[in-house]
Amino acid sequence: MTLERTRRLLLFALLVLVLYAVIAEPGRAADFTAMAIEAVSGAALGVGRFVASLVH
């Protein structure tokens with residue numbers, strides 16, 4: 001099995017799991033999505049502060 005085929009298979013499995021989670025527990029999926037977006041936003045703010053501190 002090639003690396004590309006393995007990646008495709010893992011991506012498909014992840015997509016199926018995400019769709020199942022959204023269909024089975026939409027409230028929890030929404031909470032998780034909000035938490036993930038908040039984490040990414042916090043990380044971006046941290047990187048921005050770090051870069052700003054390097055400039056000044």
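Computed from a predicted structure; not experimentally measured. When a residue number appears, it is its place in the shown sequence, counting from 1.
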What's the spacing between Arg8 CZ and Phe12 CZ if we round to 0.5 Å? 12.5 Å
How long is the span from the CD atom in Glu25 to the CG atom in Asp31, to the nearest 0.5 Å? 10.5 Å
Going by chain and number, the hydrophobic cluster around Leu15 (ILVMFWY, side chain to side chain under 4.5 Å) further includes Leu19
Where is the tightest heavy-atom contact between Ala29 and Ala21, given as atom of each residue plus distance? CB-O, 4.2 Å
Between Thr6 and Thr2 (side chain of the first, backbone of the second, donor and acceptor by atom type, cut-off under 3.5 Å), is there such a pair? yes
